[in-house]
Amino acid sequence: MSAAPARAAVPVGRSVTVRVPATSANLGPGFDTLGLALSLYDELTVTALEGTGATVEVHGVGEGEVPTDASNLVVRSIAYTFAWAGVDLPGLHLVARNAIPHGRGLGSSGAAVASGIMAAKGLLAGLVELDADRLLALATDLEGHPDNVAPALFGGLTIAWTTPEGPQHKKLIAHRGVSPLVLVPEHTMSTALARSLQPTSVPHEDAIFNVSRSALLVAALVQSPELLLAATEDKLHQNYRAAAMPETSELVSLLRENGYAAVVSGAGPSILVLGSDPSQRLPAAELVARHASTPWEPLLLAVDFKGATVMPDPVRSTTSS
Ligand code: HSE
């Protein structure tokens, strides 16, 4: 009798490095739907080892704060992907070099999920293939909603929607004039708390208001940036959450009164200003610096067009040359 086929396994020593962008979700009217990838990145190297269990080194943001055991979100995302693939999880060593601020509405948890899934994809190469729909489905399972993980995985401006078959996305290339400024406060905001402030139903006229603005926003972001101020109005989430982040709310109002297309970034408390050209950003940042009662760090970023990328493994490329 012939022996049972060996179960597929990741080769010990296989290593993969991925880079994942920060993201800003909602963009005003596009609650749980629109997202934009930004040029600020977390980087992760994962190496497969003999045995089981995971060790995690964190450098930069989150160092000394995030869990370094199996409860780490990146480790859980890798394990979730291997479980879906039906491949045994090897021992893992993770090195995370993080730049995306945590708890600020810039998609740090979506980036952690996307980096874990992309690292798993790299480790599973040749054993199991994961297409774009599968990546988004796994990431949305872990994150709960697709609007951060879609731009983190695919880059650019993304429209995400859910269907009975799973989440879907469409990636668009933002107009070259679109110039993001992110203002990051020192305090954090819990996404769970922000979501608990949402009502279960909204007035019909508010729904219509947001349908019109989110349709307009897609046009403004890809074709007509001069419409960004009108296109970033919202009645579905920012007002309901304002009391939980009063300074954010005041500064968004101040910026908008001065003609800047400012919105709460994701669930907050950071602010995203969508400039229609790069010269709008410095005066917007100065306006905030003059009026804010706490420090807000201005980040002049670009739209990231690539999303999560798998980087060449430096060890293997050196030894093979
Ligand atoms: N759409 C989400 C929210 C983004 O605003 O709750 C934050 O994860």
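Just so you know, ligand 1 is whichever comes first in the structure, and atom 1 is the first atom listed for that ligand.
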Is the count of non-hydrogen atoms from other residues, nucleotides or ligands lying under 6.0 Å from Glu50 atom CD greater than 12?
no
Check if Arg241 has a non-hydrogen atom at a distance under 4.0 Å from any atom of ligand 1.
yes
Which of the ligand 1 atoms, numbered from 1, are nearer than 4.0 Å to a heavy atom of [X]:
X	answer
Thr191	7 (C), 8 (O)
Asn148	4 (C), 7 (C), 8 (O)
Asp32	1 (N), 2 (C), 3 (C)
Arg195	1 (N), 2 (C), 3 (C), 6 (O)

Would you say the side-chain atoms of Thr294 and Trp296 include a donor-acceptor pair closer than 3.5 Å?
yes
Is [X] linked to [Y] within one hydrophobic cluster, defined over Ile, Leu, Val, Met, Phe, Trp and Tyr using a side-chain heavy-atom separation of less than 4.5 Å?
X	Y	answer
Val46	Leu153	yes
Leu40	Leu157	yes
Leu227	Leu217	no

Closest non-hydrogen protein atom to atom 8 (O) of ligand 1, residue and atom name please, with distance?
His145 CE1, 2.9 Å
Using a 4.0 Å heavy-atom threshold (strictly under), name the region of Asp147 that reaches ligand 1: side chain, backbone, both or neither.
side chain
Heavy-atom check, side chain of Val56 versus side chain of Val74, under 4.5 Å
no
